[in-house]
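We name chains A, B, ... by the order of the sequence lines, and we start the count at 1 in each one. Computed from a predicted model, the values in this text were never measured in an experiment.
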Amino acid sequence: MESVQQLLERLATGVIRQSIGADGAANVRPCGNPKFGDYQINGLLPIAKARGENPRPLADKVAAALASALADIAEPPTVAGAGFINVRLKPAFVGSLLPRVLGDPRLGVPAASPARTIVIDYSAPNIAKQLHVGHLRSTIIGDSIARTLEFLGHKVISDNHIGDWGTQFGFLLRSKSELGEYLGTSAIHLSTIEQIYRKNVAEAEKDPAARDEAKAELVKLQAGDPEATRIWKALCDRTMEAINEIYTRLGVRPFDHTLGESFYHPRLAGVVAELKTRGLAEDSEGAVCVFFRDVPQLKDKPFLIQKSDGAFLYPTTDLATVQYRVETWKPGEIIYVTDSRQKLHFEQLFTTARRWDYPDLKLAHVTFGSVLGEDNKPIKTRSGEPIRLEELLDEGEKRAQAIVDANYADLPEATRREIARVVGIGAVKYADLSQNRVNDYVFSWPKMLAMQGNTAPYLQYAYVRIRSIFRKGEEPGQGVRGRGQEVVTLADAAEFDLAKFILRFPEAIELATEDYRPNFICSYLYDLAGKFSVFYERCPVLKADEPARSSRLILCQLTAEVLRKGLDLLGIQTIEQM
RNA sequence: GCGCCCGUAGCUCAAUUGGAUAGAGCGUCGGCCUCCGGAGCCGAAGGCUGUGGGUUCAACUCCCGCCGGGCGCACCA
């Protein structure tokens, strides 16, 4: 269904055209300050400027015409400031909308039009390595963006671009008999594989013979040697098994595709040849490069697609990946979620891809900053190693468990454990998603697990309190829907305020989608929970007389559903009690 | 050297993409429990948005210059 903002935009733009004959958009925004009203029309200022007229008289004219056009929707609009038109919604209009939102599986969020095919590339772990904090942001930000785009009705294709090819396998395969033993018999832990890798790297640093052996192993693998290939395959399988366990714990959606770098290997020579033929790439100092001489920021930053020894590089694979994705899925857009340090690489990649064959393809690099420790430096263990995701999730659950045990000793143990799991994992994810992704953020257990402030536990608790009303009142919740009640009465200011805010869920989704910023969903949900709290303190639900009781139950139900859906778009679960 | 990103309350962060009086949490101070879950709610104090110019009816937001911090820049990914 159409959102309130869209409705106002459509109507006001029409009125502007009719009343003053201008083509400009109404540019409807929520009012920054509620004292002015609910929505403000900002579009008259640019129109007046273009015409060289005083905006106030123009705005007066439009406001007068709007009064009748919006008669059922809003109070007569008023003009304020430099030429803003303020719109104040009528309770009856808002009340009439709520049952429709309740009956809408999308909770009032309009479907994307047109729906597009969007490939999203995130997480991208490496074979033979454990997931660590470095993978956390890409994985959960990507997952949330994928969920949100899909909710809007787009065709989303998630593709995990695994690091399954490259020099690390030379070092690993040097120990292939050792690996073969482990991989052949039982499940080997990734930490053992990492140890073997580190041992070989260390040896190669000291001993040139060891280095040559590693190189020779890599060559064998790349030439398709059966033994090397078998071990490599087993390493990939074992790693993905372990990584999928973490994905399951994290609650990220399964990837639609997991196509690693190795998948693109057969295409690489062709990519280089084609770019050279097309004149986009050229030989330089023995290697093959793409230059961007006409782009000021990139003019002294070549993009290397083939080494002087003939080997291909990360950029080559990424170009081949674009080619494959376009051929296979014909997407309108490809989104990459990686840390901001790779920004230059993606600028080069995108520029090259556009020049190559894909001028109309939208390419987006969604960047994010580092996770910092309490010392404001990238978070590490005492020994300087990256923190493994497994440990991190363990600790989150453990800390949540301690809080739950202390507060709810009366609940059965299994219930407490489930609560701790949902709260602990949710807290870690929410702490990350609630922040503007471009900044670094400081990782802090006490803050993310706090019950007050913009945290997952606070929102989960808000949800639980609402569900508790339905349990207590023996109202099944779903019973509220389909009761056939047409109008919600909104007598109290707190009811009206909450109701209007529920109708703004689509705005939050739109903001979050435009710039791939899940934190807009977070701050909306936090504000929603705050408005609900005010309502909850001031307006008894179960003890209220009709029709207030039914109306309030609908408000409760809607708040709960929006909270649950919003958290779901963040990849965070809710529970019924905690 | 070149390029990119970031400087907002004591601390950790928001700010609807150029809109009206820059908002939260923590911390500090003060209120609210015969009432649906107090892990809660309400209120107060706290700001020259790093800095100097510019564009605009309007700038935390855009442009230029400084000062701080981070990151990246030819054979790793």
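Contact between the side-chain N/O atoms of A:K49 and the OP1/OP2 oxygens of B:C57 is found at a separation under 4.0 Å. The side chain of A:Y39 places no N or O atom within less than 4.0 Å of a non-bridging phosphate oxygen (OP1 or OP2) of B:G19. Checking the phosphate oxygens (OP1, OP2) of B:U12, no side-chain nitrogen or oxygen of A:N439 falls inside 4.0 Å. Considering only side-chain N and O atoms, A:R471 lies nowhere under 4.0 angstrom from the phosphate OP1 or OP2 of B:C36.
A salt bridge links A:R293 to A:E282: one of the charged nitrogens lies within less than 4.0 Å of a carboxylate oxygen.
Taking the centre and axis of the six-membered ring of A:Y536, the NZ or CZ atom of A:R465 falls inside the cone set by 45° and 6.0 Å.
With centres under 5.5 Å and a plane angle under 30° as the test, the ring of A:Y526 is not stacked against the base of B:A24. Taking a centre distance below 5.5 Å and an interplanar angle below 30 degrees as the stacking criterion, A:F36 stacks against the six-membered base ring of B:A20.
Under 3.5 Å, the side chain of A:K299 and the base of B:C2 form no donor-acceptor pair of N or O atoms.
The six-membered or imidazole ring of A:F36 lies away from that of A:F84, with a centre-to-centre distance of 6.0 Å or more. Residues A:Y458 and A:Y461 keep their aromatic ring centres 6.0 Å or farther apart.
Applying the 90° criterion around 0 to the glycosidic angle, B:U17 comes out syn.
Between A:Y39 and A:R504 there is a side-chain heavy-atom pair separated by less than 4.5 Å.
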Close N or O pairs between protein and nucleotides 74-76 of chain B (under 3.5 Å):
{"from": "B:A74", "atom 1": "N6", "to": "A:S284", "atom 2": "OG", "distance (Å)": "3.1"}
{"from": "B:A74", "atom 1": "N6", "to": "A:E285", "atom 2": "OE2", "distance (Å)": "2.7"}
{"from": "B:A74", "atom 1": "N1", "to": "A:S284", "atom 2": "OG", "distance (Å)": "2.8"}
{"from": "B:C75", "atom 1": "O3'", "to": "A:K307", "atom 2": "NZ", "distance (Å)": "3.4"}
{"from": "B:C75", "atom 1": "O2", "to": "A:S308", "atom 2": "N", "distance (Å)": "2.6"}
{"from": "B:C75", "atom 1": "O2", "to": "A:S308", "atom 2": "OG", "distance (Å)": "3.4"}
{"from": "B:C75", "atom 1": "N3", "to": "A:S308", "atom 2": "OG", "distance (Å)": "3.3"}
{"from": "B:C75", "atom 1": "N4", "to": "A:E285", "atom 2": "O", "distance (Å)": "2.9"}
{"from": "B:C76", "atom 1": "OP2", "to": "A:K307", "atom 2": "NZ", "distance (Å)": "2.6"}

